[in-house]
Each structure stands twice: as C-alpha cells, then as structure tokens.
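Presented below is the structure to which this report refers.
Values below: every heavy atom of this structure, side chains too, minus hydrogens, waters and symmetry copies.
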Amino acid sequence: KNTIDSALAAVSQIITRNIEIVIGGSAAAVLREDISRDAHDCDVGAINPPDAEADIMSAGNQVAKDAGLNNDWLNCQMMAWDNEFPLGWRNRTTTYITAGLLTVSLMSRPDCVGTLLLRLLNGTPDQDLADINEMELTNGERHAIRSHLDVLRQNGYETDAIRQALNLW
C-alpha cells in the first residue's frame, strides 16, 4: 500500500492539469485495506477527462523506476472492459485521495469484485480469487455480485465455476 500511495503522490507532482483516475481490482482493495497483500500495479477503470490518458500514463512511467515498480504499474487495460463492469459502478466510487491536481477514486467493494470476476472469467491467475475470498464479503455484497454474474452470463460468459468458487449459489 505504501509503495502505491507514494507512487500516486509522485504522479500528482508531475501532471499539469486536473485529472481523476478511478482504480478498481485488487489495487483498490489493497488501498482500502480490504486485503493484506501489497499491490504492485493499479488497474485504472476510468480517467476524467478521458483525453488525459496519455498524461497519466506518461506520469506513471516517469514515477515507475524511482518507486521500484514496472513501467506499466499504472495501466488502463481494465478500461477496455468498462461496458461489462457492474451497472451503475461510476455512481458508487469514493474519493481516496486528492493530491495536487490528481484525484484518485476507488471502485466500491462489490464493483472491485466485479472487475476481479471479469479477470477470472478471462483466464487470469488465481490470485484474484484469493483476493475476493480475503475480502470477507457481506451478504449484500454477495447479492450484488450474484446479480452482476447474471448479467455476465447473459452476455455470454460461463459463470457457474465462479459462483461455486465464491459460494454464491
């Protein structure tokens, strides 16, 4: 958490205009202290204004070496899936920090799980499943995730294995 916090603070010193990034996935869970492991990257789910992607990626690359992170530690790959994030996710973000011209917001817990589910359904490592289980989801969060899985199933994803792994039946 401290590494990512420091790196985000350094990014805030480089950018030259107001930019908000919304972080999802495991990085948001780490920053919110929902899980205990360290994060080595930040999956960005949205950038406002949208034309600031090059600015934020450039700043992230500049910070990477000094922070001991990979060049792609701040990445926008998750943005390609935004049409498959849980419905209404943008309305449930919370501001994590505002530093200089940078505002960092986090997806809600169920929405973070929704992004991790997408990664699982697209064949990413089992770390995502371990992260979800460590979050100790509430019944309300499990209900929201079940609903999201129903939407993903309707969009052609095979969700039965995920439901079983998370005890969501």
Hphob cluster co-occupancy, M135 + L106, side-chain heavy atoms under 4.5 angstrom: no
Pairs involving residues 104-114, ordered by first then second residue, that meet side-chain hydrogen bond (donor to acceptor under 3.5 Å, both in side chains) (sequence neighbours left out): E20-S105, D34-R109, R92-D111, S108-D111, R109-E141
Side-chain touch N70/D41, heavy atoms, less than 4.5 angstrom: no
All pairs passing side-chain hydrogen bond (donor to acceptor under 3.5 Å, both in side chains) where residues 52-63 contributes a residue, at least two apart: R17-D55, S58-Q62
Interatomic distance, Q77 atom CD to M79 atom CE [nearest 0.5 angstrom]: 11.5 Å
From CH2 (W73) to OG1 (T3), nearest 0.5 Å: 10.0 Å
Connected via hydrophobic side-chain network under 4.5 Å: V44 and L116: no
Within one Ile-Leu-Val-Met-Phe-Trp-Tyr cluster: M78 and V151, side-chain cutoff 4.5 Å: no
Closest approach of A39 to I4 (non-hydrogen atoms, all atoms of both residues): O-CG1, 3.4 Å
Heavy-atom pair of closest approach, residues T115 and W81: O-CZ3, 4.4 Å
Neighbour count above 12 (heavy atom, 6.0 Å) for Q154 CD: yes
Side-chain heavy-atom pair D150, R153 within 4.5 angstrom cut-off: yes
Side chains of I14 and V63 in contact at under 4.5 Å (non-hydrogen atoms): yes
Joint cluster assignment, I19 & L31, ILVMFWY side-chain distance < 4.5 Å: yes
CA sep, side-chain torsions, deciding dist, call: V113, L137, side-chain contact (heavy atoms from CB on, under 4.5 Å): CA-CA 9 Å; V113 172; L137 302 171; 3.9 Å; yes
Nearest non-hydrogen partners of G60 and L74, listed with the distance: CA-CD2, 4.1 Å
Nearest heavy atoms of W89 and G45, plus distance in Å: CH2-O, 3.8 Å
Heavy-atom neighbours of I97 CD1 exceed 12 at 6.0 Å: yes
Heavy-atom pair with the smallest gap, counting every atom of A7 and L69: CB-CD1, 3.8 Å
Spacing of S147 atom OG and L152 atom CG [to the nearest 0.5 Å]: 11.0 Å
N155 atom CG, over 12 foreign heavy atoms within 6.0 Å: yes
4.5 Å side-chain heavy-atom contact, I21 and V11: no
Reported CG-to-CG distance for the pair N18 and N48, which is rounded to 0.5 angstrom: 11.5 Å
Gap separating the CD1 atom of I145 from the SG atom of C112, nearest 0.5 angstrom: 10.0 Å
ILVMFWY cluster, I15 and I47 together (side-chain gap under 4.5 Å): yes
Nearest-0.5 Å distance, CG of residue D43 to OG of residue S26: 7.5 Å
For the student: nearest non-hydrogen atoms of T93 and R90, plus distance: OG1-O, 3.4 Å
